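This one's a predicted model, so the numbers in the text were calculated from it and none came from an experiment. Numbered from 1 within each chain, the chains take letters A, B, ... in sequence-line order.
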Amino acid sequence: MSKKFSLSKSYEPTESEAPIYRMWLDSGVFHATPDERPPERRYVIMMPLPNVTGALHMGHAMDNSMQDVLIRWHRMLGDNTLWMPGTDHAGIATQAVVEKRLKELEGITRHDVGREGLVERIWAWKDQYQARIISQLQRVGCSCDWERQRFTMDRVCSRAVRHTFFRMFEDGLIFRGQRLVNWDPYLRTSISDDEVYHETVQGFFWTLRYPVMDPLPGEPEYVEVATTRPETMLGDTAVAVHPDPAKALREEMAALDEEIKQCSGREKAELAAEHERLAARERDMLPRLIQLRDMARAGRQVCLPLLDRPMPLICDDWAKPALGTGCVKITPAHDYNDYDVWTRHCEEIDIINILNEDGTLNENAGPYAGLDRYVARDKVVDDLKAQGLLTAVEDRQIEIGHSDRSKTPIEPYLSDQWFIRMGDSPAGVRMGEGTAQAFTAPGLVQAAMDAVNEGRVTFHPERFVKTYLDWLSEKRDWPISRQLWWGHRIPIWSRTVTRAELPSLLADGRLAFVYAQPTEARLRLAIPDAEYSRLVTSPIVPVDLPNSPVDAVLLDVCLIDDDEQYARPLEDAGFCRDEDVLDTWFSSSIWPFSTLGWPDAATAEVEGGAPLAGRDGYPDCLSYYYPGSCLVTARDIITLWVARMVIMGLYNLGDIPFSDVFIHANILDGKGERMSKSKGNGIDPVDIIEVYGADAMRYVLCDMQTGNQDIRLPVTAVCPQCSHHNELAETNHGRSIFTYMCAACNREFDVLGTMPDVPTAKLLSERFLEGRKFCNKLWNTARFALANLEDVPHERVMREDLALEDRWILAALNQAIRQVTAGLADYNPSAAIGAARDFMWNSLCDWYLELIKPRLREPRSPSAGLARQVLAYCLDVVLRLLQPFIPFITEHLYQQLSRQVERRGLPGLTDGAGAELLINSPWPAAVAELDDEALLATFSLLQEITTAIRDVRNSQNIPSTQGLTVTLKPPQQRMLEFSSRGHVIEHLAGVETLAVDPNAPRPRGAASVVVEDIQILVHNVIDDEAERARLLKERQRVQKEIDMFRRKLANENFVARAPAEVVEENRQRLAKYEYQMASIQTDLARLES
RNA sequence: AGGUGCGUAGCUCAGGGGGAGAGCACUUCCUUGACGCGGAAGGGGUCAGCGGUUCAAUUCCGCUCGCACCUACCA
């Protein structure tokens, strides 16, 4: 049987990708297990878990391609390489999608199906999309350890969630608080700041009057306040004025003066105008503000209109004399700033919540109870107007926070929430308790900031450190409750009791039984409003509870798991489990170790898949693979996730979860907006793969990943009904955000296959053509090579035996190996793949292959043998260099190459190390003995000369079949450079007769071009008139250069101050052009004689 | 409002104190035996604008304009 395998004329990715992926899977190469390799030879990436809300789009393809590149590279470097895959339950996003579908397809709400029913449906959704996500990742070629994949709600991860929560509860880091949260009235849940987006809308700015109660003579009858949300006045509990309005105004004007000094022009005028405005306020309003301030100090009250509620005037800095009326209404339960005011005045003023969960007003709104907030707004305005209490209305642009999930405006809403204390604690926080790395940090956030400040975690590009530190430095507590049904339910059972009842309850045998098990249950006793709680470890009632006006205390019991043995007695004793679930980011923040079986990998149950416990005497997965190496993600996740993972890693394990953070570009749609699952503008990478191939897609993604720019990806959808090509960015949506209306036939199509009854369009994007072309070129390079690689010798090679082009291509390959490696090490895939591409295409194909073709035509000659040996080696290295980027085609070609040329390499010069699978082969190393700077320079001169001759051929329309006669006229001292090197020019420029002669005359009909100081005569190709015209044009160009350099060198400053080598370089350039000019002049003179 | 990044060829983007680059697109030529998803050659840019530093600025520093994202806020 012949060893020769044939390749089709062009690359057909669809045929080979699936079997190759299967081959990798079967070989077990993706699977990682602890072994004897030391920590510095381990490489671990935790996949940024895609959420199961929907299918992956190109953004995920980018993220995962980057990870796969790093993973495949490190695998070839010989590291014990683990890429942990998995998916995220994505609480609110997934529940929102499923709820939306319930409504769209069945017309029912979650309340119709109930908590269990809804959760069941979401599990089904999760199963469906998890499977789809995995298959998408596999199509992309991701070499994850599938045997270890995790889901944030599986048993292993859930266990870690409970342990983390338990520890934090025990340490007092988790506490309950009444706080203002961003409330989504549509989904009836709080959402985090990160889930809020701001939108500018046209609104109004109303000025309201509140009557002063029993005004004394000389006192105003009203105070005026302004608002963009008039209905919130129903929740007002005070009106604030500044405690020292005169000083506040003065300070502000002084600040303006400073600024005015420092700037100029138009801005100055604006600042001056602002200054004038403040001065006017000082004249006109200050006395009144001072009077109000005094009234506030005297404890005077105003009356809240419509509800006739008396409320105090108070003094607080928040009221800015420079703004509005100078007075501000205080609505603590519905405004963040007012809430802060309340915390400073909670002894004097009330906090009144006027909203229901669904955005309607509650009983505190009196006659407005039951109305939707916007209906109430209109009615409040009308009623105030009727009473003459509305003094002004102006148009105003307002920024309104919207829920990213439901797209409805959010409301600040007062509710009971669980928080994690992120800031510093007086006694500090024990980090990594129970581990060898345990230490005490000032607080959770501080520990995470220190890790970056001290360089234990580094960002690439580095500038993202700022994003990370800026966000963390606010040290805001993390609200972790979500009023959802899908997620990790908060493991707290609570009961309110009076202080009087407390002793007997604590002594109750059922409760005592539970909290006597400190490893299973922890009890905390909380005084509402006091933000104080203490761990209860014995039935003795603490007598030193702080004084509080509230008689009630709250008992919270945290269970480490749902063991009936403990839950039952609690419930029997009147404790109720919290209804809420944890913020999704809680479980994702522990992903780097929950996946490895923390807190105890040895006993973690894995429900199928690879065990986490140690085997064959090697350590368990957690101790072997933690901490990990690199986190790969987009910049918008830095605050949401990266920071929190660092915090949790330090807290639970005393060590960072990864040392490197690689932030890559985002994929934008044709409009420049980020692709996102919830926006519906994402496209399925599998669509691209089916048209262009996975390697083509990966090639382009890598090539575009340059470290700076986000990537705009215009996409064309081919209408499934009429085949019209629709530019997606310009196409109107259909019934949902995932569907579009064809511009030609006006019928609806889907782009993500989400609507059961709408046909799905094929997607195209021209950007990927480049990748397909590259793959095809590589394919044909290999095809040519394999056609010529029969009986490749594997004999010792002496460098001296190699031909010029052999030594050149090997030196160039050395360079390429270094550049690709450096690009990868620098997190610059574009630079890496660019270097590989330039070598393969511009050096290997365009020059080397052409040069060895004549040698290969004499297959039995030693020269042909050497060429084959070098070619096989180059191809082998190129495939290895490209494997991380385009793994399918390279593996396919490697298999062919291996079958045909079993042993490769140049014995004596390079090693021939290989493996059965390319994915497992060693990463190429440059061979110092093959470096040859001088040869690279010489060769590039030969290339330039060749190009110059080709240019003459092209511009004179000489057919490529016609051999040329060429004379090179180098200066005498350069003659040697052309000995035994002429064949490069001869062969590649189509030269039949080449002479090298410093003194050759220029015959008639010869075109003359100059490269450096070498004149090239191309004989018999041009008539005198044409050559004269060409030379005149050339003279003009060269003269310009000469003028430029002469001017530069005539500048004494330049000659004196510029570095000597720069001056010398310029002198040489001038000399070169002067030489060219002389040559042109001589030629012209001869033509004219 | 503040922060970050970005404005370089028709398009998508590199680069970076000392002669402006790549891919795609474009023009001309070549269906020669790896590849027309190819080869050869070519045209095309006041490096957003204005100042400053420097012998030298597309590159460094200010400011202006435009775009994107992040953070905060305007009662």
Task: Nucleotide nearest Y1073(A) (side chain, heavy atoms from C-beta), chosen from A25(B), G19(B), U32(B) - done: G19(B)

Open item on the list: Going by purine N1 to pyrimidine N3 plus the second Watson-Crick contact, or the G-U wobble pair, all under 3.5 Å, which nucleotide sits opposite G45(B)?
Closed with: none

Task: Strand partner of A22(B), provided both Watson-Crick or wobble distances fall under 3.5 Å - done: U12(B)

TODO: State whether R772(A) places a side-chain N or O below 4.0 Å from either non-bridging phosphate oxygen (OP1 or OP2) of C37(B).
DONE: no

TODO: Give a yes/no on whether any side-chain N or O of K1048(A) is located under 4.0 angstrom from OP1 or OP2 of G18(B).
DONE: no

Task: Pair of N/O donor and acceptor under 3.5 Å linking C35(B) base with K777(A) side chain - done: yes

TODO: Return the nearest nucleotide to the side chain of N1066(A); candidates are A41(B), C37(B), G18(B).
DONE: G18(B)

TODO: Establish, with yes or no, whether the OP1 or OP2 oxygen of G38(B) is under 4.0 angstrom from a side-chain nitrogen or oxygen of W841(A).
DONE: no

Task: Pair assignment for A1(B), Watson-Crick or G-U wobble, requiring both distances under 3.5 Å - done: U71(B)

Task: Presence of N337(A) side-chain N/O under 4.0 Å of C74(B) phosphate oxygens OP1/OP2 - done: yes

- [ ] Report yes if at least one side-chain N or O of R857(A) is closer than 4.0 Å to OP1 or OP2 of U32(B); otherwise report no.
- [x] no

Task: Polar side-chain contact Y699(A)-G23(B) base: donor and acceptor under 3.5 Å - done: no

Task: Candidate nucleotides G38(B), G3(B), G5(B), ranked by approach to the side chain of R463(A) - the nearest - done: G5(B)

Task: Watson-Crick or G-U wobble mate for G51(B), both contacts under 3.5 Å - done: C61(B)

- [ ] Flag the pair R1067(A) and E1061(A) as a salt bridge only when some basic side-chain nitrogen lies within less than 4.0 angstrom of an acidic carboxylate oxygen.
- [x] no

TODO: Please report, rounded to the nearest Å, how far the P atom of G19(B) is from the CZ atom of R1067(A).
DONE: 16 Å

Open item on the list: Does the Lys NZ or Arg CZ of R1069(A) fall within the cation-pi geometry relative to F1045(A) - under 6.0 Å from the ring centre and within 45° of the axis?
Closed with: no

Task: Partner nucleotide of G33(B) by Watson-Crick or wobble geometry (both distances under 3.5 Å) - done: none

TODO: Please state whether the phosphate of C37(B), meaning OP1 or OP2, lies under 4.0 angstrom from any side-chain nitrogen or oxygen of K9(A).
DONE: no

- [ ] Could you give the distance separating G2(B) and U64(B) at their P atoms, to the nearest angstrom?
- [x] 10 Å

- [ ] Please work out if R1047(A) contacts a base, only the sugar-phosphate, or nothing of the nucleic acid, heavy-atom cut-off 4.0 Å.
- [x] nothing

Task: T706(A) side chain, from C-beta outward: closest of G3(B), C13(B), C24(B) - done: C13(B)

- [ ] Classify the side-chain pair H345(A)/D316(A) by whether it contains a donor and acceptor separated by less than 3.5 Å.
- [x] yes

Open item on the list: For a quick test of reading the model: is some side-chain N or O of T947(A) closer than 4.0 Å to OP1 or OP2 of A41(B)?
Closed with: yes

Task: OP1 or OP2 of U12(B) under 4.0 Å from side-chain N/O of R767(A) - done: no

